[in-house]
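All heavy atoms count here, side chains included; hydrogens, waters and symmetry mates do not. Lettering of chains follows the sequences in order, A, B, ..., and the numbering in each one begins at 1.
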There are 2 protein chains.
Amino acid sequence: MSKRPPITNRVRQLREEHGGLSQAALGDIVGVTRQTIIAIEQGRYSPSLETSFRIARHFGVGLEDVFGWEGD
Amino acid sequence: MSKRPPITNRVRQLREEHGGLSQAALGDIVGVTRQTIIAIEQGRYSPSLETSFRIARHFGVGLEDVFGWEGD
DNA sequence: GATCGATGTAAGATATTTTTTACATCAATG
DNA sequence: CATTGATGTAAAAAATATCTTACATCGATC
């Protein structure tokens with residue numbers, strides 16, 4: 001069934017702010033595929049904590065600067 | 001295959017600090033089973049971002065107050 | 001206008017998380 | 001000492017995340 005998780009994310013925005021890093025390039029860096037980045041940006045599923053940390057740390061920010069909890 | 005993720009967590013400690021909340025009770029509250037809480041506490045896998053947020057918010061703290069990235 | 005890079009969709013396979021069920025131990029307590 | 005609540009282990013099944021591959025569109029540029 002897989003619902004849409006109540007989580008927001010700024011991955012796309014952060015990519016743009018970092019020199020227009022492509023989805024494929026970010027995927028390579030954090031160790032997932034381009035498809036995974038697409039799905040995360042589209043909010044199709046909530047990534048693992050590990051992938052989330054890798055993305056945040058690559059941009060040099062905290063987890064909650066990238067991913068937000070709806071209802072906060 | 002499933003390696004141990006480079007993530008630390010203070011779930012057990014937070015449970016104790018919150019009146020000795022049991023694993024089963026925490027699981028009920030955040031919507032997962034007792035087995036899932038056990039596995040998370042033991043670091044057997046990295047939970048979904050959604051489960052992580054629910055745990056943190058139940059204790060009234062930020063995600064990174066519960067889960068830490070080794071290598072920070 | 002052919003090519004190239006970035007993004008998107010989709011489907012089937014694989015990996016990992018989560019559930020379910022069952023049983024074991026230990027501390028506390030009746 | 002029987003029971004009860006909390007924790008632990010284990011294994012199979014179910015759910016979900018991730019990968020792989022393939023094809024389509026769009027904007028830029030040669």
Side-chain angles (χ1 to χ4, degrees), chain A residues 1-59 61-71, chain B residues 1-59 61-71:
Chain A
M1 296 269 154
S2 64
K3 284 189 49 173
R4 220 156 234 276
I7 292 176
T8 63
N9 80 83
R10 303 200 315 130
V11 174
R12 180 159 220 138
Q13 181 176 344
L14 285 162
R15 278 196 301 112
E16 285 161 359
E17 291 172 6
H18 282 247
L21 185 66
S22 75
Q23 294 171 331
L26 177 57
D28 282 351
I29 290 168
V30 304
V32 298
T33 64
R34 185 169 70 89
Q35 303 309 319
T36 298
I37 302 294
I38 290 176
I40 292 172
E41 288 190 0
Q42 292 177 155
R44 284 218 300 271
Y45 54 66
S46 76
S48 69
L49 200 46
E50 187 170 346
T51 296
S52 307
F53 263 121
R54 291 207 149 99
I55 292 173
R57 290 308 190 264
H58 173 257
F59 291 124
V61 300
L63 240 185
E64 301 211 27
D65 294 320
V66 183
F67 300 95
W69 184 242
E70 283 182 5
Chain B
M1 309 282 143
S2 64
K3 283 189 49 172
R4 253 191 147 59
I7 293 176
T8 63
N9 80 84
R10 304 199 314 131
V11 174
R12 179 159 222 137
Q13 182 176 341
L14 285 162
R15 277 196 302 113
E16 286 160 0
E17 291 172 5
H18 282 246
L21 186 66
S22 76
Q23 294 171 330
L26 177 58
D28 282 350
I29 290 167
V30 303
V32 298
T33 64
R34 185 170 70 89
Q35 302 307 321
T36 297
I37 301 295
I38 290 176
I40 291 171
E41 287 190 0
Q42 292 176 155
R44 284 217 302 271
Y45 53 65
S46 77
S48 69
L49 199 48
E50 187 171 345
T51 295
S52 308
F53 264 121
R54 291 207 149 99
I55 293 173
R57 290 307 191 266
H58 173 257
F59 291 125
V61 300
L63 240 183
E64 301 210 26
D65 295 319
V66 183
F67 300 95
W69 185 242
E70 283 181 6

Q: Taking only heavy atoms on the protein side, list every residue of residues 15-33 of chain A lying under 4.0 Å from any atom of DNA chain C, sorted numerically.
A: A:Arg15, A:Ser22, A:Gln23
Taking only nitrogen or oxygen atoms into account, show me every contact under 3.5 Å that the protein makes with nucleotides 9-13 of chain D, one pair per line with its distance.
| unit_1 | atom_1 | unit_2 | atom_2 | d |
| --- | --- | --- | --- | --- |
| D:dT9 | OP2 | B:Gln42 | OE1 | 2.7 |
| D:dT9 | O4 | B:Gln35 | OE1 | 3.2 |
| D:dT9 | O4 | B:Gln35 | NE2 | 3.4 |
| D:dA10 | N6 | B:Gln35 | OE1 | 3.3 |

(Q) Test of understanding: with side chain to side chain donor-acceptor pair (under 3.5 Å), list the residues that count as partners of A:Glu64, not counting sequence neighbours. (A) B:Arg57
Q: Could I get the full list of ring pair (Phe, Tyr, Trp, His ring centres under 6.0 Å) partners for B:Phe53, not counting sequence neighbours?
A: A:Trp69
(Q) Among residues at least two apart in sequence or on other chains, which ones pass side-chain contact (heavy atoms from CB on, under 4.5 Å) with B:Ser48? (A) A:Ser46, B:Glu50, B:Thr51
Q: Measure the distance from CD1 on B:Ile40 to C1' on C:dT19 and round it to the nearest whole Å.
A: 13 Å
Q. Under the side-chain contact (heavy atoms from CB on, under 4.5 Å) test, which residues partner B:Glu16, sequence neighbours left out?
A. B:Arg12
**Q.** DNA chain D-proximal residues of residues 48-58 of chain B, any heavy atom under 4.0 Å
**A.** none
**Q.** Where A:Phe59 and A:Arg15 come nearest, the two heavy atoms and their spacing
**A.** CZ-N, 3.9 Å
Q. What are the two closest non-hydrogen atoms of B:Leu63 and B:Ser52, and how far apart are they?
A. CD2-CB, 3.5 Å
**Q.** Gap between atoms CD and C1', on B:Glu41 and D:dT7 respectively (whole Å)
**A.** 10 Å
Q. Should A:Arg12 be listed as having a side-chain N or O under 4.0 Å from OP1 or OP2 of C:dA6?
A. no
Q) In chain order, what residues pass the ring pair (Phe, Tyr, Trp, His ring centres under 6.0 Å) check against A:His58, with sequence neighbours excluded? A) none
Q: Please report, rounded to the nearest Å, how far the C1' atom of D:dT18 is from the OH atom of B:Tyr45.
A: 17 Å
**Q.** Any residue meeting side-chain contact (heavy atoms from CB on, under 4.5 Å) with A:Ser22, in chain and number order, not counting sequence neighbours
**A.** A:Ala24, A:Ala25
Q: With sequence neighbours excluded, tell me which residues meet ring pair (Phe, Tyr, Trp, His ring centres under 6.0 Å) with A:Tyr45.
A: none
Q) Which heavy atom of A:Arg10 sits nearest a heavy atom of A:Asp65, and at what distance? A) NE-O, 3.1 Å
Q: Rounded off to whole Å, could you give me the CD1-to-P distance for the B:Ile37 and D:dA6 pair?
A: 14 Å
Q. What side-chain hydrogen bond (donor to acceptor under 3.5 Å, both in side chains) pairs are there with at least one residue in residues 25-40 of chain B, not counting sequence neighbours?
A. B:Thr33-B:Thr36
